[in-house]
Amino acid sequence: MADKKKLLLLDGSSLAFRSFYGLLDLNNFRNQNGLHTNALFGFNRILTRLFEVENPTHMLVAFDAGKTTFRTELFDDYKGGRQKMPSELAEQWPYFSVLIDAMGSKTYELANYEADDIIGTYARQAEAEGFEVVIVTGDKDLVQLATDQTRVDITVKGVSDLKAYTPEIIREEMGIEPLQIIDMKGLMGDSSDNYPGVTNVGEKTALKLLKQYDSIENLYAHIDDLKKSKMKENLMNEKDLAFLSKELATIDINTPVSYDLEEFKVSERDLEKLTAFYREMNFNSFLQNLDQSEGDNSEHFEDIAYQTLEEITEEHFSEEMALYIEMLEDNYHYGKIIGISWGNETAIYTASLETVTASEAFKNWAKNEQMKKNVYDAKRTTVMLHYAGIQLNGVSFDTLLASYIVNTKDSGRDMAPIAQEYGYKELSLDETVYGKGAKQAIPEDKTIIYEHIARKVEAIQTMQPLLMAEFEKDDLTELYFEMELPLAIILAEMEMTGITVEPERLEKMKEEFSVRLTEMERAIHEQAGEVFNVNSPKQLSLILFEKMGLPVIKKTKTGYSTAVDVLEKLSATAPIAQMVLDYRQLAKLQSTYVEGLLKYIKPETGKIHTIYTQTLTQTGRLSSNEPNLQNIPIRMEEGRKIRQAFVPSHPGWKIYASDYSQIELRVLAHISGDKHMQEAFLEGQDIHTSTAMRVFGIEDESDVDGNVRRQAKAVNFGIVYGISDYGLSQNLGITRKKAKTFIERYFEKYPGIQKYMVDIVEEAKEKGYVETLFHRRRYLPDIHSSNFNLRSFAERTAINSPIQGSAADILKVAMIRMDQALKEQGLKTRMLLQVHDELIFECPEEEIPILEKLVPEMMQGAVELAVPLLVDSNYGDSWYEAT
DNA sequence: CGGAATATT
DNA sequence: AAGGCAATATTCCGA
């Protein structure tokens, strides 16, 4: 069967503007000539994506022709009041057509008409010829063109996401037919196109009227039926305006266009033109993608000299070298090393794992603290070699960790993009060399591996001095060498040590849960009156809201929400809601924690070895994965019991756990300098009680009941996150107005906090980044965005990151101090886990008295703040008992 | 492969 | 006029 013809119609002007404002980072998007390139970059991304996703046979990008159109003749002020195109966008304008042409598509503009009209006209023509049509624009007006054959995709936020409008979706969301959009616009007007509509009629009123009267014409035919009201008066007075607005909103589908549809057949993209364009614009990532999609991308690489060794001797080592170990698996506790490379400016060597493990010379070099090694991911390298029976010491630089410290955006497993960023362009993506997903494979020809990893060694060497220079420039040297790099080695040890988990305990829970889940599922089916998949939110929502007719509380992008807060509301009247909640809770425990953890117990050792990712979060926190041991249940007793399976690895040992009390609020008290909050901590008061008394004006501490304290606690949390009245109201289930007064009262009572929030946002705007107590940076490009959401998010981030990040820094310092102390004192105690504000150890019982002094000393003394740090500790026979 | 839901700090 | 709290990971479903 021949593929159906598919026409893609792009509103070039609209998308260009969207790209420009969606990526409003004018400093970073410039080419070597200083030309701004942000809009072109975004536009290219849309085009590439559309070609991939839609695979059109025909395509046209339509542009607005100029200031005057037939609409301005109808209405002088049409699009009046619009500010001029910013010069930064205007200078990019000529290049859009260059890009579109290179991509194999056509552009078109027509004097006196807007892009909308061209699109409307061709859409209707194409429909008549049996095409499938897709329109892409940032302008909602075009939704009026949707039909069964034509879909209209509107950009939602920025340009990356599109929302599809089909007639069904429009009916569902607005309750009208696509063509009625015109009537709606006629009544409500359009502020961006600057035509007025009827006074005081907005979308809501317009839709209400249209549902009753279908069209403006019919509405006015029945205008006498309307009850006397201000609205009726407005409608009568402004009848002309309504009809004029409707005319302005109507897309002309009979524009005198001059090309035949067949002219818009998509042609092959012109690689030469496209490459030249990307080069000119400095779009390196697109260039690289282009290379890959064209297959052999090593063609333009310089040859690299390296030597594959069968026999390794002392001569192959020098005082300072780069080292790289290749393994395809992400999880290095289970993966297989497929090649090893090391070298310096004069020579690069490669060897197989067998050759290396057979070599005493290599092992001695690896172990020797004095012999410096530059690596990419010190932790990964250390653990991989450990499993190969090789001890690695003397790691003096980690280029991955370094690039993350310079910019938290660099977090990649893959070296190529980071190397590229630092000017080393001779390296392919791992994906290109080894394939991805199911297609990934170890190359038959080992020289492919060796050449690739030899380049990695060269990349490490190239990057290292550049990263050092960045450290000096941004005052990051101490953070890196005193905190992050030593921590990487400590984390490696923690991961290798692992934590013992008793499978028997989990197996028992599994049996019990399985029986209960079956029964709960049966009961839910009974209530529903049919068998369905309770795990499917879609099927569940059909049962709840359509079959059983329960009230819809909240919607998601794709349908009805069945989230906790929704089900909780429903549970008052519908027992099935509570049953689903209970079922979900248990199902989560079963699949993620009981069965999930069992999968990760190493049979040989009975231990779980997580992987901490040190270079991922934007705040400086660690993350834990495969499995995540930072979110083991604790709030609900049932889930908390999971922790009973986490036990010491030797008989007679204990699990010892210490956590910081309210570290984030203490950090906030410190950096904000707020006297009242500092005082509360200095006097050892319960902070939430203290807040409750201040904010709610309670005189006597004994009058603070649980509920009031809970509310104060929620406000404190909200403050740390950069609060909004809406967020707080959702959280506490109170009105927005009430939430607002809470926050106002809070700021009144803690003026230092309010000042901090204003100042930090100001600082972020000035510098483009915020930083922690230890100078860890987070860049916030969106702080200047004209997009309200992006900007607001950046502002909240500016408030939260120094708090969350400084707390993370403090625990990192504590870990280093603790590790040092354990080693110096020759203790048997081992640090096992880190969970953001707590450390978990295993220890022989006799060391407990030592730890009770040592751990608080190391943790509380990690940093000197204006308020004391406080640590709580517990121990027992399992993690459960230690918390 | 993205979205929804839910687990933690 | 809009719009939605900070940082993560994992599982499941359904296109």
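Convention: sequence-line order gives letters A, B, ...; per-chain numbering from 1.
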Practice task
Look at A:K538 and C:dA15 and indicate whether a side-chain polar atom (N or O) is within less than 4.0 Å of OP1 or OP2.
Solution key: yes
Problem - Touch class at under 4.0 angstrom, heavy-atom based, for A:L616 against every strand present - result: sugar-phosphate
Exercise for the section: Tell me what A:R796 touches on the nucleic acid: a base, only sugar-phosphate, or nothing, going by heavy atoms under 4.0 Å. Expected result: sugar-phosphate
Exercise for the section: Using the closest heavy atom to pick a nucleotide of DNA chain C for each, name whichever of A:Q804 or A:R736 lands nearer the 5' end. Expected result: A:R736
Handout entry: Short side-chain N/O contact to C:dG3 OP1/OP2 from A:S724, under 4.0 Å
Key = no
Practice task
Nearest whole angstrom, please: distance from the P of B:dA7 to the NZ of A:K641.
Solution key: 16 Å
Handout entry: Heavy-atom side-chain contact between A:K510 and A:L506 under 4.5 Å
Key = no
Exercise for the section: Using a 4.0 Å heavy-atom cut-off across all strands, classify A:F717 as base, sugar-phosphate, or nothing. Expected result: nothing
Problem - Test item: side-chain donor near acceptor, A:Y560 and A:E546, under 3.5 Å - result: yes
Problem - OP1 or OP2 of B:dA7 under 4.0 Å from side-chain N/O of A:T592 - result: no
Exercise for the section: Establish, for the pair A:R736 and A:Y726, whether the NZ or CZ atom is under 6.0 angstrom from the six-membered ring centre and no further than 45 degrees off its axis. Expected result: no
Exercise for the section: Salt-bridge test for A:D782 and A:R791: reply yes if a basic N is under 4.0 Å from a carboxylate O, no otherwise. Expected result: no
Exercise for the section: Could you state the atom-to-atom distance from CG of A:D582 to P of B:dA5 in whole Å? Expected result: 17 Å
Practice task
Test for a donor-acceptor pair under 3.5 Å between the base of C:dG3 and the side chain of A:R791, counting only N and O atoms.
Solution key: no
Handout entry: Proximal nucleotide (of B:dA4, B:dA5, C:dA7) relative to the A:S561 side chain
Key = B:dA5
Practice task
Test the A:K163-A:Y165 pair against the cation-pi criterion, namely NZ or CZ under 6.0 angstrom from the six-membered ring centroid and within 45° of the ring axis.
Solution key: yes
Practice task
Using atom CG of A:L665 as one end and atom P of C:dA6 as the other, report the distance to the nearest whole Å.
Solution key: 17 Å
Fill in the blank from the handout: In whole angstroms, the gap separating P of C:dT11 from NZ of A:K599 amounts to 5 Å
Completion exercise
Looking only at B:dT9, C:dA7, C:dC12, the nucleotide nearest the A:T617 side chain is C:dA7
Exercise for the section: Looking only at side-chain atoms of A:V835, point me to the closest of C:dT10, B:dA5, B:dT9. Expected result: B:dT9
Practice task
With the side chain of A:R778 defined as its heavy atoms from C-beta on, choose the nearest nucleotide among B:dG3, C:dA6, C:dA7.
Solution key: C:dA7
Exercise for the section: For A:S792 and for A:H836, locate the closest nucleotide of DNA chain C by heavy-atom distance; then report the residue assigned to the nucleotide nearer the 5' terminus. Expected result: A:S792
Problem - Residue-phosphate contact under 4.0 Å: A:S536 side-chain N/O, C:dG14 OP1/OP2 - result: yes
Exercise for the section: Please examine the side chains of A:R516 and A:E512, heavy atoms only from C-beta on, and report whether any two atoms are closer than 4.5 Å. Expected result: yes
Problem - Sugar-phosphate, base or nothing in reach of A:S801, heavy atoms under 4.0 Å - result: nothing
Exercise for the section: Check every strand shown and say whether A:Q730 touches a base, only sugar-phosphate, or nothing at a heavy-atom separation below 4.0 Å. Expected result: nothing
Handout entry: Atom pair distance, as rounded to whole Å: CG in A:D809 and P in C:dA7
Key = 16 Å
Practice task
Verify the contact: side-chain N or O of A:R584 to OP1 or OP2 of B:dT6, cut-off strictly under 4.0 Å; return yes or no.
Solution key: yes
Problem - Among A:P802, A:S806, A:S801, the one residue meeting side chain to side chain contact (heavy atoms under 4.5 Å, CB included) with A:T619 - result: A:S801
Exercise for the section: Answer whether the closest heavy-atom distance between the side chains of A:T562 and A:F545 falls below 4.5 Å. Expected result: yes
Completion exercise
Quick note, A:T558 side chain, CB onward, closest among C:dC12, B:dA5, B:dA4 is B:dA4
Handout entry: Members of residues 626-635 of chain A that approach DNA chain C, where some heavy atom sits under 4.0 Å away
Key = A:E626, A:N628
Problem - Check: C:dT10 base within 3.5 Å donor-acceptor of A:K588 side chain - result: yes
Exercise for the section: Choose from B:dA5, C:dT8, C:dG4 the nucleotide whose nearest atom is closest to any side-chain atom of A:N789. Expected result: C:dG4
Handout entry: Side chain proximity check, A:L207 to A:M174, heavy atoms < 4.5 angstrom
Key = yes
Practice task
Measure from the side chain of A:N533, starting at C-beta and using heavy atoms only, and say which of C:dC13, C:dG4, B:dA4 lies closest.
Solution key: C:dC13
Practice task
May I ask you to test the A:L491-A:L622 pair for a side-chain heavy-atom distance under 4.5 Å?
Solution key: yes
Practice task
Let me know the distance between CG of A:L668 and C1' of C:dA6, rounded to the nearest Å.
Solution key: 13 Å
Handout entry: Between C1' of C:dT11 and OH of A:Y583, the distance in whole Å
Key = 12 Å
Handout entry: Distance, rounded to the nearest Å, where A:L581 contributes CG and B:dT6 contributes P
Key = 7 Å
Exercise for the section: Provide the distance between the two C1' atoms, one in C:dA2 and one in B:dA7, to the nearest whole Å. Expected result: 32 Å
Exercise for the section: For C:dG4 and B:dA4, measure between their P atoms and round to the nearest Å. Expected result: 13 Å
